[in-house]
Amino acid sequence: MITVEFLGPIQKPVLSMEASTLREVAEVLKQDPTMAEWIENCAVAVNDTLVGSLDTPLKEGDKVSLLPPVCGG
Amino acid sequence: MITVEFLGPIQKPVLSMEASTLREVAEVLKQDPTMAEWIENCAVAVNDTLVGSLDTPLKEGDKVSLLPPVCGG
Amino acid sequence: MLELHDGALTVPEILARWYALEATSNYGAYIPFVGTVREEDGIDGLSFDVYEPILTSWFDAWGAKVAPLGAVLKMAHSRGDVYLHESSYIAAVFSPKRRVALETIDAFVEDFKASAPIWKYDLKDGKRIYARERSTAIAGAGLLGRNG
Amino acid sequence: MLELHDGALTVPEILARWYALEATSNYGAYIPFVGTVREEDGIDGLSFDVYEPILTSWFDAWGAKVAPLGAVLKMAHSRGDVYLHESSYIAAVFSPKRRVALETIDAFVEDFKASAPIWKYDLKDGKRIYARERSTAIAGAGLLGRNG
């Protein structure tokens, strides 16, 4: 199992799912209508490191985080 | 009479002289061997406004100031 | 040094403390950038969510980037609500020389705006509204929507 | 606001006072630049001569230049002796937006270095030695040596 957490304004509880790559997580989230507004503008971190490929492998216990557009300051 | 004052590191008392343009002041200062190191690197103000021409006219009571290279901060 | 504070920053205290911390480090230039909540669009204030793990690694990466220039960075940011004319953000650079300090504070503050995992909300009429139009997608965003 | 102080600047007091002065002016960005005397070349400190009339008109011209951008400038500088790790210079900008503030502080500090009528001396072995090699001729210098 891996977990998916939604940061900042995405009002969504943590998900748990089976997935061995980030691509499998993407396939699940793309089916979710409440995610439609976030899919195209979120950055993605695995275990708190930003990643750039859907082929990023996932292992048991990994944490995937979705980071929507930011505005600190 | 006009006065010429030397700012910052130029160790020289105020001069008084007759002069109707800055050019006349320059002619006097160029004769002064203690000014040799300053003639080429000083900016010049008349009555506390920087000027850019030797033809700047001077009138009774005007103050000419020589400003050597600066380094505030 | 990265500090997160609940609510508004005590700007004079922070600026003085950082100055004192580096008082004998032989830095010639100290440039803090202070961000303050402006009255505009009828807001009562702003509110912030901060995701600390990625903020920390982003900040540490910046520290490593400017260390070879002889510079150090410090940053303080608010969590939660910050009202009008209160401050929510201070970034500061110390460096031996002014050019490095001036260039570093500019680049750091701009990258902070583009990359730091902090989300801003307007406080208005008792509601907390995500400031979507003023927000910036992090570099690389959209990954999940890619095909293939 | 242009302040001249005898000896070292009380940095925390000045930064806090300026911040308080503009606390309700609705500026979003406040960037002070603090210049501190570094230990180098065996100096005991620095000393400064300031020519106030031209410094004031230079500073006022900068104020007029940045006013249309919505920005204001403040500056404090020391007169006389300032010792190691003490500060002699603070320049600060307030503006509604960060880009104006970041660009203004950079341009102001650089022009200050090139144009402000202040002369720096090294304090070394009980002597006050003009820092000629680190000094910059003001734009237009050399007028008196021109022929014709």
Side-chain angles (χ1 to χ4, degrees), chain C residues 8-40 43 46 70 82-114 134, chain D residues 8-40 43 46 70 82-114 134:
Chain C
L9 302 180
T10 54
V11 173
E13 184 273 326
I14 294 169
L15 297 183
R17 181 162 43 84
W18 291 353
Y19 180 68
L21 266 176
E22 303 294 353
T24 58
S25 306
N26 214 31
Y27 293 120
Y30 168 36
I31 310 181
F33 175 103
V34 180
T36 299
V37 177
R38 300 190 68 221
E39 186 169 6
E40 56 185 348
I43 63 166
L46 298 173
V82 182
Y83 295 97
L84 298 181
H85 310 317
E86 293 182 335
S87 299
S88 52
Y89 176 48
I90 310 180
V93 60
F94 289 83
S95 84
K97 298 289 186 183
R98 76 174 187 281
R99 277 312 318 157
V100 165
L102 287 163
E103 287 163 20
T104 299
I105 195 69
D106 190 322
F108 180 77
V109 167
E110 291 299 326
D111 189 51
F112 168 83
K113 286 279 174 184
R134 311 203 297 285
Chain D
L9 303 180
T10 54
V11 172
E13 184 274 326
I14 293 169
L15 296 182
R17 180 161 46 83
W18 291 352
Y19 180 68
L21 266 175
E22 303 294 352
T24 59
S25 306
N26 213 30
Y27 293 119
Y30 168 34
I31 310 179
F33 175 104
V34 180
T36 298
V37 177
R38 301 188 68 222
E39 186 168 6
E40 56 185 349
I43 62 167
L46 298 172
V82 182
Y83 294 95
L84 295 183
H85 310 317
E86 293 182 335
S87 299
S88 52
Y89 176 49
I90 309 179
V93 60
F94 289 85
S95 84
K97 298 289 185 185
R98 75 173 185 283
R99 277 312 319 157
V100 164
L102 287 164
E103 289 165 17
T104 298
I105 196 67
D106 189 323
F108 180 76
V109 168
E110 290 299 326
D111 190 49
F112 168 83
K113 285 281 175 183
R134 311 204 298 283

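Reminder, nothing fancy here: chain letters follow the sequence lines and each chain counts from 1.
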Walk me through whether C:D106 and D:D106 qualify under side chain to side chain contact (heavy atoms under 4.5 Å, CB included). CA-CA 9 Å; C:D106 190 322; D:D106 189 323; 5.7 Å; no
Most heavy-atom pairs under 4.5 Å with chain C, out of D:N26, D:L84, D:T24, D:V34, belong to D:N26
Which atoms of C:Y27 come close to chain D, meaning under 4.5 Å heavy atom to heavy atom: side chain ones, backbone ones, both, or neither? backbone
Using distance alone, with no hydrogens and no angle criterion, decide if D:S87 and C:Y30 have a side-chain donor and acceptor under 3.5 Å apart. no
Which one, D:G28, D:A16, D:A20, D:P12, leads in non-hydrogen pairs under 4.5 Å with chain C? D:G28
Would you mind checking which part of C:E22 comes under 4.5 Å of any heavy atom in chain D, side chain (CB onward), backbone (N, CA, C, O), both or neither? neither
Salt bridge (Lys or Arg N to Asp or Glu O under 4.0 Å) involving D:R134 - partner list, sequence neighbours excluded: D:D122
Going by salt bridge (Lys or Arg N to Asp or Glu O under 4.0 Å), name the residues that satisfy it together with D:E110, two or more places apart in sequence or in a different chain. C:R98, C:R99
Side-chain contact, heavy-atom cut-off 4.5 Å: D:T36 with D:V11? no
Name the region of C:A29, side chain, backbone, both or neither, that has any atom closer than 4.5 Å to a heavy atom of chain D. both
Pairs of heavy atoms under 4.5 Å with chain D: top-ranked of C:A91, C:P96, C:A101: C:P96
With chain C, the option among D:F94, D:Y89, D:F33 that has the most non-hydrogen atom pairs under 4.5 Å is D:F33
Atom pair CD1/CD1 of C:I31 and C:I105 - distance to nearest 0.5 Å: 6.5 Å
Could you have a look at C:E39, C:E13, C:H85, C:E40 and say which one has the most heavy-atom pairs with chain D under 4.5 angstrom? C:H85
Side chain to side chain contact (heavy atoms under 4.5 Å, CB included), that's the test. Do D:L15 and C:Y19 meet it? Break it down for me. CA-CA 11 Å; D:L15 296 182; C:Y19 180 68; 5.9 Å; no
So what's closer than 4.5 Å to chain D heavy atoms on C:S25: side chain, backbone, both or neither? neither
